[in-house]
There are 2 protein chains.
Amino acid sequence: MASEKITELEFLLSYDILKQLTGTMERTGCSAADIIEQALRQFLSARKDGNAVYLSAPINALVEGLYVENTTIAEVRQHGDFGLGTFNYLDGEMLLLDGRVYQIRSDGHVYDVGDDERSPFACVTFFSPDTLDDINGDSGVSDLATILDGLIPSPNMLYAIRVDGIFSSVRCRAASRSENYMPLVEATRDQSVFDFHEVRGSLAGFYTPAFMASLNAPGFHLHFLAEDRRRGGHLIDCTIKEARIGIQHVPRLDVGLPVTLDYLTVDLTRDIGEDLEKAEK
Amino acid sequence: MASEKITELEFLLSYDILKQLTGTMERTGCSAADIIEQALRQFLSARKDGNAVYLSAPINALVEGLYVENTTIAEVRQHGDFGLGTFNYLDGEMLLLDGRVYQIRSDGHVYDVGDDERSPFACVTFFSPDTLDDINGDSGVSDLATILDGLIPSPNMLYAIRVDGIFSSVRCRAASRSENYMPLVEATRDQSVFDFHEVRGSLAGFYTPAFMASLNAPGFHLHFLAEDRRRGGHLIDCTIKEARIGIQHVPRLDVGLPVTLDYLTVDLTRDIGEDLEKAEK
């Protein structure tokens with residue numbers, strides 16, 4: 001029975017995955033159909049409600065100055081088409097929008113990023129908003145925080161947030177390429193700040209519960225990209241004219257732990273809350 | 001081309017998953033073969049080095065007294081064949097060994113657990129040790145901690161730990177079925193303590209870095225099950241005669257966030273470290 005099915009699969013699958021499949025069939029006693037069905041069920045549902053916020057590393061490692069990790073952009077994109085982060089040597093701000101990865105450098109320019117580039121920290125998900133809300137009239141960044149607070153039903157959940165609209169003003173920063181091991185609070189003192197006016201664009205980011213602060217920046221964390229894809233950065237301040245806010249509830253957190261010697265030997269016992277707050281400002 | 005392949009798949013897959021598959025093909029433009037291959041690659045590799053420690057909920061919710069969640073044992077088993085946890089209403093200690101789920105109740109008996117039972121907290125993985133070490137001669141629980149400390153190369157990684165051997169003595173506890181909302185530190189005051197002598201059995205559990213303390217019990221957390229599968233509990237103390245220690249490095253953490261009203265509205269801002277330490281003793 002099983003061998004019959006395998007014959008049917010031979011033209012469908014590469015040899016290496018077929019070999020793994022038959023190995024798993026022998027080990028578990030499950031049929032090819034059972035395994036494929038279970039795999040498809042997980043794979044297809046992961047793109048819907050089984051969705052996770054994926055962190056390529058715990059943020060406390062970044063705060064301690066670990067700016068060189070082995071995670072490639074290709075790997076990051078396996079876990080999401082939306083999100084933010086940074087690049088090795090803290091070389092600018094990362095923004096992922098509709099599956100494309102942008103690097104906003106301290107020179108003020110936005111670069112397309114190849115799959116082989118590497119990141120010490122990225123936070124991504126497959127974006128599919130559960131709610132859409134329109135706002136009109138001038139809203140400052142504190143108004144935006146209040147509006148977002150009102151839109152998220154619980155502080156204990158993760159949310160992906162996308163804001164598309166027209167901004168009267170946006171103030172952004174981009175971290176400068178930095179030496180490895182320089183603590184984040186020092187490294188971000190040397191950053192570029194940009195002001196944009198009357199600009200159409202998108203904010204992309206997350207809300208993270210306070211009790212996960214050692215893993216991801218707690219509260220709201222948003223990066224901006226102009227519609228022309230030529231300006232952007234880590235959001236410091238803004239005034240929104242009109243915008244559509246999409247919010248996705250994400251009931252899962254998925255954290256990669258780097259296996260670099262630096263990560264394995266760094267002291268992560270310090271409470272990084274204060275440093276992170278300073279650095280994110 | 002795609003429709004040809006779908007015909008071949010019709011006898012393999014249930015209708016609902018076939019429908020999802022064709023939906024995804026239309027949306028992404030990928031062929032059935034591509035999607036199945038990607039799904040199988042993820043599914044089969046998740047059982048190898050892509051392995052995660054899966055938490056069905058952050059442990060701080062349990063510490064605050066949330067003992068009723070919707071996670072079924074069937075769901076827990078999708079994420080591992082090895083681990084520990086508890087059951088709804090804190091009704092005893094959970095141990096997962098070789099894919100079977102055991103419930104050690106405060107009456108001292110060990111029960112087999114059905115897939116429909118529910119758990120407010122479980123921590124599991126697919127166990128496949130990276131290292132095996134034998135120990136001989138009397139080792140107390142503090143010796144065991146020292147030995148395990150020596151075997152784990154970094155305090156910043158997650159490890160699954162299995163100890164099979166002969167124990168001169170084991171002291172275990174099992175939590176008593178408790179009212180929902182009673183804080184863990186109070187609920188575990190009412191627990192049963194068992195002493196076993198000259199017993200063959202297994203310890204199963206994890207090492208968790210201190211910076212993840214809001215999500216999982218930090219340090220070493222082990223549950224015991226006798227070889228006869230009739231005695232066990234949360235490990236308090238032991239003396240090991242001889243044992244084999246298997247350790248698996250797990251470079252990923254996967255946390256489910258419950259979507260129950262209780263979870264979404266509970267206050268999780270408190271530092272639960274001290275309570276957890278008391279409750280785990």
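Quick note on labels: first sequence line is chain A, next is B, and so on, each numbered from 1.
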Among residues 115-124 of chain B, which ones touch chain A with a heavy-atom distance under 4.5 Å?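 Within residues 115-124 of chain B, no residue comes under 4.5 Å of chain A, counting heavy atoms only.
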Members of residues 58-73 of chain B whose heavy atoms come closer than 4.5 Å to chain A: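 So the qualifying residues are B:Pro58, B:Asn60.
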Quick one: pull up [atom1] in [X] and [atom2] in [Y] and give me the separation to the nearest 0.5 Å.
X: A:Ile17; Y: B:Ile36; atom1: CD1; atom2: CD1; value: 11.5 Å
X: A:Leu253; Y: B:Asp254; atom1: CG; atom2: CG; value: 8.0 Å
X: A:Phe211; Y: B:Ile272; atom1: CZ; atom2: CD1; value: 10.0 Å

Exactly one of A:Val266, A:Leu264, A:Leu268 should register a side-chain contact (heavy atoms from CB on, under 4.5 Å) with B:Ser154. Which one does?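 Only one option passes, and that is A:Leu264.
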Dump the intermediate steps for side chain to side chain contact (heavy atoms under 4.5 Å, CB included) on B:Leu215 and A:Leu215, then the final yes or no. CA-CA 10 Å; B:Leu215 301 172; A:Leu215 301 172; 3.1 Å; yes
Does atom CD of B:Glu274 have more than 12 heavy-atom neighbours from other groups under 6.0 Å away?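 Check fails, neighbour count at 12 or below.
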In terms of heavy-atom contacts, does CD of B:Glu186 have more than 12 from other residues, nucleotides or ligands at under 6.0 Å?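 Yes, the 6.0 Å shell around CD holds more than 12 heavy atoms from other groups.
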Side chain proximity check, B:Val259 to A:Met157, heavy atoms < 4.5 angstrom: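 Yes, their side chains come closer than 4.5 Å.
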Short question: side chain of A:Asn156, backbone of B:Asp267 - any donor-acceptor pair under 3.5 Å?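 No, the answer is negative, given that no donor and acceptor are paired below the 3.5 Å cut-off.
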Step-by-step side chain to side chain contact (heavy atoms under 4.5 Å, CB included) determination, A:Leu257 to B:His249: CA-CA 10 Å; A:Leu257 304 180; B:His249 308 203; over 6 Å; no
